[in-house]
Structures are given as C-alpha cells and as structure tokens.
> 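Have a look at this one before I ask anything.
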Amino acid sequence: MRTILVATVTANGQILLTENMAKITAPAEALGVFVEKAKESKCMIMGRSTYDMIMSVPGMKEAYTGIEVVMLSENHEHNPNSKVVASPEQAIDYLENKGYESVVIAGGLHTYNSFLQKDMVTDMFLSVIPVVIGNGGILGTDGDTVINFKFAGQKLLTENIIQLHFRKINNI
C-alpha cells in the first residue's frame, strides 16, 4: 500500500504540533494539501489530538465527508466517527482489507514517527511555511531510523509556501 505522509514544516525544519496551533495558524493552503491528498486516497490515518484539532477547524469536518478515517491510539479509545487501532500495521491491514490502495498519514508527530520507525512511508508531501518555531516536532526521532528518499517534485502553493514531494527510493 502506498502510504503518504503529509505534514506542515516550518522554515527551521520543525513539524507543527497541535499545541503550536494556539500561536500559529497553519495556512489554509497547507491544510488544503491534507484534504487534497485524503480525497485522492479516500482514506487517512491520524492520531487523536490531530483528529480533534482538524475536526474543530470550521469547514474541515465537511471537507472530509466520504473519507474513511482511521485513528491510531494506543489507548484503544472509542470514536464513533472512525476506526480506532493500536498500531500502524493494524491500520494498514484494516484499510487493505477494505480495498484501499493508498492512505494519507495526516499526523500528529507520534503517528508520523510510528510509521517512519516501521519503514512504512512511501511518499512525503511537506508544505514548508515561512515561520520559525522553537518547540515543534522532529520527524524520524528513533536513532535507528534511516530511510532514503528521492526528490520527486515541488509545487508553489502560494508566494510563501512551497510543497516538497519525496518518494522512498526502493518504491520508484
């Protein structure tokens, strides 16, 4: 299955965290990438905090109508609007059994790193925004994680936001 990590990254390489949202609002164009990729895949995986944050943004709940959401949660907490699983493998197995061929990994940081640690990310779309923060997250924090990606393209979302696409080398 093609697993597509979609993230908003600051100019100093930090991943925006849900707790950053009190000070920084992710640009609509960057949030639009999540919606665009999710609509292409028709499904997405995210953690509980990211789910709560995204669904609280006006208009986002409607934007994700018809998209299957799988929530990654070690606590196995119940959510009536999404399937809840405990691991990346369970999420992928569930979606493959439903016939999906690709999925968007929509965050948060723990979810991103869970997939990276298991070497389960095939593509990354990073929207780089012109902001510097000191308390963001870092992708690939497990010391043993080494995944080689190849630059696959770029797209200017606005005059200030660039989207970078990387594809895992052994999937080319």
Side-chain angles (χ1 to χ4, degrees), residues 1-18 20 24 26-47 50-51 54 63-64 67-72 85 87-172:
M1 173 177 276
R2 185 172 175 221
T3 54
I4 306 158
L5 186 151
V6 178
T8 303
V9 182
T10 64
N12 63 325
Q14 300 285 311
I15 301 297
L16 281 186
L17 305 174
T18 53
N20 298 132
I24 303 165
E29 296 82 4
L31 290 175
V33 174
F34 289 89
V35 176
E36 171 194 335
K37 298 300 176 194
K39 285 185 177 186
E40 288 172 9
S41 292
K42 297 182 179 49
C43 61
M44 60 193 308
I45 300 168
M46 63 180 76
T50 301
Y51 177 88
I54 285 176
Y64 287 109
I67 296 170
E68 174 127 21
V69 176
V70 176
M71 187 183 302
L72 190 63
V85 298
S87 71
E89 295 90 349
Q90 288 177 343
I92 297 301
D93 286 346
Y94 171 78
L95 292 169
E96 283 181 335
N97 286 334
K98 292 195 82 174
Y100 293 104
E101 296 177 6
S102 67
V103 62
V104 169
I105 313 301
L109 187 63
H110 179 74
T111 300
Y112 292 146
N113 282 327
S114 294
F115 277 85
L116 288 166
Q117 288 168 353
K118 306 263 183 178
D119 194 11
M120 296 174 73
V121 174
T122 61
D123 292 83
M124 289 193 302
F125 286 88
L126 306 176
S127 297
V128 182
I129 62 172
V131 174
V132 172
I133 59 172
N135 66 338
I138 299 171
L139 291 177
T141 55
D142 181 341
D144 293 331
T145 300
V146 176
I147 306 168
N148 292 305
F149 288 89
K150 178 181 180 179
F151 179 71
Q154 67 190 30
K155 178 179 176 182
L156 201 57
L157 299 179
T158 71
E159 65 181 20
N160 291 316
I161 304 171
I162 189 166
Q163 177 189 86
L164 303 174
H165 177 199
F166 297 96
R167 184 168 288 137
K168 195 162 113 176
I169 288 177
N170 64 354
N171 286 344
I172 295 176

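Numbering starts at 1 and runs along the sequence shown.
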> Taking the inter-plane angle between the rings of H165 and F125 on a 0 to 90° scale, is it parallel (under 30°), tilted (30 to 60°) or perpendicular (over 60°)?
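Geometry flag for F125 against H165: parallel rings.
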> Is a donor on one side and an acceptor on the other found under 3.5 Å between the side chain of K168 and the backbone of D119?
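The answer is yes, because a donor-acceptor pair under 3.5 Å joins these two groups.
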> Would you confirm whether S102, through its side chain, and R2, through its main-chain N or O, come within 3.5 Å as a donor-acceptor pair?
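Here the side-chain-to-backbone pair does not exist.
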> Working to the nearest 0.5 angstrom, can you tell me the gap between E29 CD and L156 CG?
10.5 Å
> Does the pair V104 and I45 meet the rule for a side-chain contact (heavy atoms from CB on, under 4.5 Å), with working shown?
CA-CA 6 Å; V104 169; I45 300 168; over 6 Å; no
> Is the shortest side-chain heavy-atom distance between V69 and Y51 below 4.5 Å?
yes
> In Å and rounded to the nearest 0.5 Å, what is the CG to NZ distance from N170 to K150?
13.0 Å
> To the nearest 0.5 Å, what is the distance between NZ (K98) and CG (D93)?
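So the gap between those two atoms works out to 14.0 Å.
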> Write down the atom of F34, the atom of A7, and the distance for their closest heavy-atom approach.
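So the two residues come closest at CZ-CA, 4.0 Å.
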> Which distance, rounded to the nearest 0.5 Å, do you find between the CD1 of I4 and the CE of M44?
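Going from the CD1 atom of I4 to the CE atom of M44 covers 11.0 Å.
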> Could you check if a side-chain atom of L164 sits within less than 4.5 angstrom of a side-chain atom of Q154, using non-hydrogen atoms only?
yes
> What are the two closest heavy atoms between R167 and D123, and how far apart are they?
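That would be NE-OD2, 3.1 Å.
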> Please report the interatomic distance CD(Q163) to CD1(I161), rounded to the nearest 0.5 Å.
10.5 Å
> Given 3.5 Å as the limit, does a donor-acceptor pair link the side chain of Y112 with the main chain of V6, or not?
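Flag set: sc Y112 to bb V6 pair under 3.5 Å.
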> If you compare all heavy atoms of S127 against all heavy atoms of A30, which two are closest, and at what distance to 0.1 Å?
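Result for this residue pair: CB-CB, 4.0 Å.
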> Does the pair L16 and I133 meet the rule for a side-chain contact (heavy atoms from CB on, under 4.5 Å), with working shown?
CA-CA 9 Å; L16 281 186; I133 59 172; 3.9 Å; yes
> Might you work through the side-chain contact (heavy atoms from CB on, under 4.5 Å) test for L95 and V70, ending with a clear yes or no?
CA-CA 8 Å; L95 292 169; V70 176; 3.8 Å; yes
> Locate the shortest heavy-atom distance separating L116 from I147; write the atom from each residue and the value.
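That closest heavy-atom pairing would be O-CD1, 3.3 Å.
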> Quick one, M71 and V85 - any side-chain contact, counting heavy atoms below 4.5 Å?
no
> Pair L72, M46 - check side-chain contact (heavy atoms from CB on, under 4.5 Å), show working.
CA-CA 6 Å; L72 190 63; M46 63 180 76; over 6 Å; no
> Restricting to non-hydrogen atoms, name the atom on Y100 and the atom on K42 that form the minimum distance, rounded to 0.1 Å.
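The answer is CE2-O, 3.5 Å.
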> Measuring from atom OG1 of T141 to atom CG of L139, what distance do you get when rounded to the nearest 0.5 angstrom?
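Rounded to the nearest 0.5 Å, the OG1-CG separation comes to 8.5 Å.
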> Less than 3.5 Å apart, any donor N or O on the side chain of T10 or N12 sitting next to an acceptor on the other?
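Yes, side-chain donor-acceptor contact under 3.5 Å.
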> Give me the atom names and distance for the closest heavy-atom approach of T111 to G47.
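Between these two residues, the closest heavy atoms are OG1-N, 3.3 Å.
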> For E101, look at atom CD and say whether over 12 heavy atoms of other residues, nucleotides or ligands are found less than 6.0 Å away.
no
> Donor-acceptor pair, N113 side chain versus G140 backbone, under 3.5 Å?
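Present.
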